[in-house]
Peer 1: 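My structure is below; once you've seen it, I'll send some questions.
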Amino acid sequence: MRGRDKFGRFRPVLRVVELLLRPLPRPLLQWLWVLSDWLPELVGVAFRYCLLRRLAKHCGDNVLIGRSVELRYPERLSIGSNVSIHKQCYIDAYGGMTIEDEVSIAHQSSLVSFQHTWSDPSLPIRDNPVTGSAIIIRRDVWIGCGVRILAGVEIGPRSVVAAGAVVNKPVGPGIVAAGVPARAVKRIELVPLDNPQANANSNHKRRESHEAALGT
């Protein structure tokens with residue numbers, strides 16, 4: 001049974017948990033988020049989903065958040081359905097962040113929607129103001145492990161970002177991006193997600209792209 005099928009089966013229970021969390025203040029919810037790492041795997045995933053529904057600006061259905069994922073400014077985060085963010089990721093939505101449907105973010109990746117300035121020489125750089133700029137991850141994107149996505153970046157639909165890449169510029173649709181800084185290394189076929197036959201015909205091409213992104 002796929003994860004989304006389990007979510008569908010237990011959705012009534014999850015909605016009850018959301019209702020119980022509704023009156024709790026945000027600081028307490030954020031404290032519970034940290035404690036959720038101590039819960040058993042599936043229970044922790046379900047509880048973090050319920051917390052995210054309360055903390056985020058918007059959260060869709062079937063969202064998996066792994067252990068030790070740090071969320072900063074979740075009230076500025078909009079996240080779609082069928083999204084997975086795996087363990088030890090760092091998500092900072094200070095400048096705004098949108099993650100659309102069907103996105104997978106592998107472990108130990110960082111999405112940082114702000115940058116430091118250094119224009120005031122009377123202050124140490126660490127004490128200079130920060131500026132925010134939104135990150136947008138479009139539909140059907142796969143982000144490999146250890147990726148760094150910086151402020152102001154938009155990742156186009158049906159794209160792959162290879163493991164270890166540092167993305168400081170927009171990535172177009174249907175692109176495999178890799179390297180430091182990230183650059184386009186391959187173009188993949190754009191197939192609508194609502195076309196099952198076309199998707200079946202393109203599965204081998206998607207595997208090829210994924211293997212290229214992983215360097216296998």
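Note that the numbering runs from 1 along the sequence shown for the chain.
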Peer 1: Any chain of hydrophobic side-chain contacts (each under 4.5 Å) joining W118 to L123?
Peer 2: no
Peer 1: Would you check if the side chain of E100 reaches a backbone N or O of R139 as a donor-acceptor pair within less than 3.5 Å?
Peer 2: yes
Peer 1: Taking everything shown except L28 itself, do over 12 heavy atoms lie less than 6.0 Å from its CG?
Peer 2: yes
Peer 1: Taking side chain as C-beta onward, heavy atoms only, is I135 less than 4.5 Å from E154?
Peer 2: no
Peer 1: Which heavy-atom pair separates S113 from A151 by the least distance, and what is that distance?
Peer 2: C-CB, 3.6 Å
Peer 1: Test N62 against N82 for side-chain hydrogen bond (donor to acceptor under 3.5 Å, both in side chains), laying out the working first.
Peer 2: CA-CA 5 Å; N62 186 34; N82 303 324; 2.8 Å; yes
Peer 1: Can you list every salt bridge (Lys or Arg N to Asp or Glu O under 4.0 Å) pair that touches residues 31-52, not counting sequence neighbours?
Peer 2: D37-R48, E41-R67
Peer 1: Calculate, to the nearest 0.5 Å, the distance between atoms NZ and OG belonging to K87 and S68 respectively.
Peer 2: 8.5 Å
Peer 1: Should V130 and I125 be regarded as members of a common hydrophobic cluster, given that ILVMFWY residues are connected when their side-chain heavy atoms come within less than 4.5 Å of each other, either directly or indirectly?
Peer 2: no
Peer 1: Between Y49 and V63, what is the shortest heavy-atom contact and its length?
Peer 2: CD1-O, 3.6 Å
Peer 1: Could I get the full list of salt bridge (Lys or Arg N to Asp or Glu O under 4.0 Å) partners for R15, not counting sequence neighbours?
Peer 2: E18, D61
Peer 1: In terms of hydrophobic clusters joined by side-chain contacts under 4.5 Å, are L51 and V43 together?
Peer 2: yes
Peer 1: Taking the side chain as every heavy atom from C-beta outward, state whether R138 and S159 have any atom pair closer than 4.5 Å.
Peer 2: no
Peer 1: Does anything in residues 106-132 form a salt bridge (Lys or Arg N to Asp or Glu O under 4.0 Å)? List the pairs, not counting sequence neighbours.
Peer 2: none
Peer 1: Return the CG to CG distance between D101 and D140, rounded to the nearest 0.5 Å.
Peer 2: 10.0 Å
Peer 1: Return the SG to CG distance between C50 and L29, rounded to the nearest 0.5 Å.
Peer 2: 11.0 Å
Peer 1: Give me the one residue out of L77, I85, I91 that meets side chain to side chain contact (heavy atoms under 4.5 Å, CB included) with L111.
Peer 2: I91
Peer 1: Look at atom NE2 of H116 and say whether more than 12 heavy atoms of other residues, nucleotides or ligands are closer to it than 6.0 Å.
Peer 2: no
Peer 1: Examine L24 and W33 and state if one hydrophobic cluster contains both, with Ile, Leu, Val, Met, Phe, Trp and Tyr joined whenever side-chain heavy atoms are less than 4.5 Å apart.
Peer 2: yes
Peer 1: Do L21 and L32 have side-chain heavy atoms sitting under 4.5 Å apart?
Peer 2: yes
Peer 1: Within the structure provided, determine whether F47 and L35 are in side-chain contact (heavy-atom separation under 4.5 Å).
Peer 2: no
Peer 1: Decide yes or no on side-chain contact (heavy atoms from CB on, under 4.5 Å) for L55 and Q30, but give the supporting numbers first.
Peer 2: CA-CA 8 Å; L55 290 167; Q30 291 168 333; 4.0 Å; yes
Peer 1: Under 4.5 Å between side-chain heavy atoms, counting indirect links through other Ile/Leu/Val/Met/Phe/Trp/Tyr residues: same cluster for I136 and V166 or not?
Peer 2: no
Peer 1: To check you understand the geometry: which heavy-atom pair defines the closest contact between P181 and N168, and what is its length?
Peer 2: CB-OD1, 3.7 Å
Peer 1: Minimum heavy-atom separation for I137 to I155, with atom names?
Peer 2: CD1-CG1, 3.5 Å
Peer 1: May I have the step-by-step check of side-chain contact (heavy atoms from CB on, under 4.5 Å) for H86 and S109, ending in yes or no?
Peer 2: CA-CA 9 Å; H86 294 271; S109 292; over 6 Å; no
Peer 1: Can the positive tip of R76 be found less than 6.0 Å from the middle of the six-membered ring of Y94, inside 45° of the ring normal?
Peer 2: yes
Peer 1: What is the distance from atom CE of M97 to atom OG of S78, rounded to the nearest 0.5 Å?
Peer 2: 10.5 Å
Peer 1: Taking all non-hydrogen atoms of both residues into account, name the closest pair between A184 and I175 and its distance.
Peer 2: CB-CG2, 3.6 Å
Peer 1: Nearest 0.5 angstrom please: C59 SG to R54 CZ, how far?
Peer 2: 12.5 Å
Peer 1: So which atom in V147 and which in A163 form the shortest heavy-atom distance, rounded to 0.1 Å?
Peer 2: CG2-CA, 4.3 Å
Peer 1: Please round to the nearest 0.5 Å and tell me the distance separating atom CD1 of I105 and atom CD1 of I79.
Peer 2: 7.0 Å
Peer 1: Can you tell me if OH on Y73 sees more than 12 non-hydrogen neighbours from other groups inside 6.0 Å?
Peer 2: no
